[in-house]
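Model, not experiment: these values are computed from the prediction. Proteins come first, then strands; the chains are lettered A, B, ... in the order of their sequence lines, and each starts at number 1. Atom set for the values below is all heavy atoms of this structure, side chains included, hydrogens, waters and symmetry mates excluded.
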Number of protein chains: 2
Amino acid sequence: MSVTIVDIAKQAGVSPSTVSRVISGHPKISPATVRKVKSIMEELNYHPNIMAKSLVSKVTNTIGILLPRPAEELFLNLFFSEMIRGVVTQAARSSYDLLMATGTTEREEVEAITRLVRGRRIDGVILLYSRQADPVISFLKEEKFPFVLIGRNDEHPDILTVDNNNVQAAFDVTRHLIAQGHTRVGFVSGPPTLTVSRDRLEGYKLAMQQENLSVNPEWIVEGDFLQESGYRAMSYIMNLPERPTALVVMDDLVAFGVLGGLTELGYKVPQDLCLAAFNNTPMSELTSPPISSVDIGIYQLGYTASQTLLRAVKGETVHQNRVLIPHRFFPRESSLHTIHK
Amino acid sequence: MSVTIVDIAKQAGVSPSTVSRVISGHPKISPATVRKVKSIMEELNYHPNIMAKSLVSKVTNTIGILLPRPAEELFLNLFFSEMIRGVVTQAARSSYDLLMATGTTEREEVEAITRLVRGRRIDGVILLYSRQADPVISFLKEEKFPFVLIGRNDEHPDILTVDNNNVQAAFDVTRHLIAQGHTRVGFVSGPPTLTVSRDRLEGYKLAMQQENLSVNPEWIVEGDFLQESGYRAMSYIMNLPERPTALVVMDDLVAFGVLGGLTELGYKVPQDLCLAAFNNTPMSELTSPPISSVDIGIYQLGYTASQTLLRAVKGETVHQNRVLIPHRFFPRESSLHTIHK
DNA sequence: CCTTTACATGCAAACGATTGAAGCTTCAAC
DNA sequence: GTTGAAGCTTCAATCGTTTGCATGTAAAGG
């Protein structure tokens, strides 16, 4: 049916082993043989059977990537493709393929990963996001299977991670607002179970503290990653007796909601309220006013995660188990309004 | 190292073949044996080696998906994750895995696919988008390898495709504008090499023709899928001696640009110009005014493509080789302004 | 001219599953 | 008591590679 190494061997008048060695670039094959075999491979359009190959070599040249479940994907949707593009680009550069795993429940996720790992289908895994008490992480650690987490997980300080310095990023953003004269700065958070939410909240608090500004707990609103939550947050915040003049918002999409809410209530951004958000999605430039946002290097996160994983897979020692991708703040109109006391 | 079928067999006191048959649910294995083997599999946490399995069975339970190249991805970025989610969900439902292939050039793309196909790594392929003169399509046809194209390709009317009825969709949108009294309707197109651009342009023209409205060629602007092109289009269109009062725009993102350009020029939407676009991305609800847009069922496209492919892979006869996913128009503020003559 | 050495290749055993055919029980039928 | 069939299980070949070891041959050294 399909052309195999044996066919090549026959055609070339050598043994299959020789052909195999030609393919793998074994040093002591005569140049003449190499040439002959290669030309025949070309001619018959031979491509090695990957299954057979990895059956004996125990190496699949494939990394798995666990997709977020629909329920959790909403907020990841925006990053998702960029991240994967980073992963796939780097993986392709090292001739690795990418296998996607998923599941609609946590149980299914674990099952999917288990099947791939124990079925020797992949050499390593990238987890696209971190959540607390993740059974997948526990499983992978137990199996001593190479994996990289994009994000951070405090329960497992020893695993390989690629992350942003979210504390610093939030700190920077908050300082940017304070520098313009704001003293009452609020924070619209994401789900508190996510590390990223907690980190950014912490960075915000640190900045406030460093500037000797008191944080009114009423200014901290918990949202999710959908615009509605920003919308809702506004009807709450703008009705506070002492309301903030600036807001740090966890995500562009939520900032959109915030913007919508404010417009509806008749407030103007940045005159009545300054906004700065995270993730610098293409949207943030397109709103009116454009939203200041922190670019967290999504593509880089994916790319680096893949790179780190491949090092681990190949057994190279990874010098640092936590890599931080630099972020960059893009101030735009939504936060450019100086307060004069 | 890893627990194999032989280990199970030893533990259970049966032969490997028996274990294999238990796994595959062979009818004539005694219930007692089944029970015993299964419990031991459970106990040892056995998972079959997928490579070995597919080496002999010639089936990989994996479908490939060719990612668009970075250069082309820009416009697909938005659909991308939704589509993949559709594919992966449906595939997972049939216990199929997803392998991603990519390449930075057309040549690399073909190579990647060739390696997977001839290396017997996958059972079928989904092509995420259609372009003319695609060497990948030719290759797959030659190899008689199962694949599904999301989109359409006129050079190959016989292949399996999943697509929208873009002609009809554009027709509907144009009629919606005309119904509000517009007689001068323009069109901001995508790259003319893409089938989708041509289809929508055709639908637009048909609607105009049907209503006995003349199409001024000046009203048809060619853009790409980036907001800048919408921006540029406006400085051109609004300077025309006879300018349109409504526009059909190929994509939400471009409509954003259009919106931005108009705002900058001091025009108001929908009062000065009505807009209707395609793809109904989450953005379109968030702009001011919100943009009317056609939902093309991106998730459905992916889901159905996967379903169709799996049928083909399993050798089931596919009743129709071109599946159309229904679209739905969401009128929003950007196009809701009636013209009174 | 015979041994040593190096180099190039072939042999054959894996890798972990599947599967057609053969084999062994057990029991019913004649 | 032999024969047959049915039911369950094992045997052994196979899938397409890789790889340690054996082998053959030619050049180099004594």
Side-chain angles (χ1 to χ4, degrees), chain A residues 1-38 40-41 44-62 95 115-123, chain B residues 1-38 40-41 44-62 95 97 114-123:
Chain A
M1 189 101 307
S2 180
V3 30
T4 74
I5 208 171
V6 182
D7 302 324
I8 305 293
K10 274 191 190 128
Q11 277 284 321
V14 296
S15 78
S17 356
T18 302
V19 176
S20 172
R21 288 192 242 264
V22 168
I23 294 169
S24 60
H26 192 102
K28 30 184 83 171
I29 298 287
S30 76
T33 310
V34 171
R35 227 175 305 118
K36 184 176 212 172
V37 168
K38 280 199 171 162
I40 292 181
M41 279 177 15
L44 299 187
N45 193 12
Y46 168 76
H47 285 257
N49 182 310
I50 308 178
M51 299 301 175
K53 183 170 182 163
S54 52
L55 176 57
V56 35
S57 70
K58 308 277 188 213
V59 166
T60 63
N61 270 266
T62 306
S95 308
R115 195 171 48 80
L116 296 181
V117 168
R118 299 197 58 103
R120 293 280 176 275
R121 182 96 205 247
I122 52 180
D123 300 337
Chain B
M1 188 103 304
S2 182
V3 30
T4 75
I5 207 170
V6 182
D7 302 325
I8 306 292
K10 274 192 192 131
Q11 276 284 320
V14 297
S15 77
S17 356
T18 302
V19 177
S20 172
R21 289 195 233 267
V22 168
I23 294 169
S24 60
H26 192 101
K28 31 185 83 172
I29 298 287
S30 74
T33 310
V34 171
R35 229 175 304 117
K36 185 177 210 171
V37 168
K38 281 200 169 159
I40 292 181
M41 277 173 22
L44 299 187
N45 193 11
Y46 167 77
H47 286 256
N49 182 312
I50 307 177
M51 300 301 175
K53 183 170 182 162
S54 53
L55 176 57
V56 35
S57 69
K58 308 280 189 210
V59 165
T60 64
N61 270 265
T62 306
S95 309
D97 287 317
T114 307
R115 196 169 47 82
L116 296 182
V117 168
R118 299 197 57 103
R120 294 278 177 276
R121 183 95 205 250
I122 50 180
D123 301 335

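- For the segment residues 17-31 of chain B, the set of residues with a heavy atom within less than 4.0 Å of an atom of DNA chain D comprises B/S17, B/T18, B/R21, B/K28, B/I29, B/S30, in numerical order.
- For the pair B/I50 CD1 and D/dG16 P, the computed distance is 19 Å after rounding to whole Å.
- With no hydrogens or angles considered, no side-chain donor-acceptor pair links B/S20 and B/S17 at under 3.5 Å.
- Between the side chain of A/S57 and the backbone N or O of A/K53 there is at least one donor-acceptor pair closer than 3.5 Å.
- What you find for B/I23 and B/Y46 is that their closest heavy atoms are CD1-CE2, 3.7 Å.
- Separating the CG atom of A/D7 from the P atom of D/dT17 is a distance of 9 Å, rounded to the nearest angstrom.
- In this structure, CZ on A/R21 lies 7.0 Å from OG on A/S15, to the nearest 0.5 angstrom.
- Neither OP1 nor OP2 of C/dG16 sits under 4.0 Å from any side-chain N or O of B/Y46.
- Judged purely by distance below 3.5 Å, without hydrogens or angles, the side chains of B/D97 and B/T62 never pair a donor atom with an acceptor atom.
- The two residues B/P16 and B/A9 make their nearest non-hydrogen contact at N-CB, 3.5 Å.
- Side-chain atoms of A/N49 and A/T4, non-hydrogen and from C-beta on, never get closer than 4.5 Å to each other.
- Although no hydrogens or angles enter the test, the distance criterion places no donor-acceptor pair under 3.5 Å between the side chain of A/D123 and the main chain of A/V59.
- Within 4.0 Å (heavy atoms only), A/G13 reaches sugar-phosphate atoms of the nucleic acid but no base atom.
- The distance from atom CZ of B/R118 to atom P of D/dT17 is 11 Å, rounded to the nearest whole Å.
- For A/S2 and D/dG16, the shortest distance from a side-chain N or O to OP1 or OP2 is not below 4.0 Å.
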N/O contacts under 3.5 Å, protein versus nucleotides 13-15 of chain C?
residue, atom, partner, partner atom, Å
C/dC15, O3', A/K58, NZ, 2.8

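- A/S54 comes within 4.0 angstrom of nothing in the nucleic acid, heavy atoms only.
- One N or O on the side chain of B/R118 and one on the backbone of A/N45 form a donor-acceptor pair closer than 3.5 Å.
- The CG atom of A/L55 sits 9.0 Å away from the CE atom of B/M51 when rounded to the nearest 0.5 Å.
- The interatomic distance linking B/M51 (CE) with C/dT18 (P) rounds to 15 Å, in whole Å.
- One can place CG of B/N61 at 15 Å from P of C/dA17, the figure rounded to the nearest angstrom.
- Closest to the B/I5 side chain, of the nucleotides C/dT18, C/dG10, D/dT17, is C/dT18.
- Map A/P48 and B/V14 each onto its nearest nucleotide of DNA chain D; the residue landing nearer the 5' end is B/V14.
- The CZ atom of A/R121 sits 8.0 Å away from atom CG of B/N61, with the distance rounded to the nearest 0.5 Å.
- Relative to the axis of its first five pairs, the axis of the last five pairs of the helix from C/dC1-D/dG30 to C/dC30-D/dG1 sits at 70°, rounded to 10 degrees.
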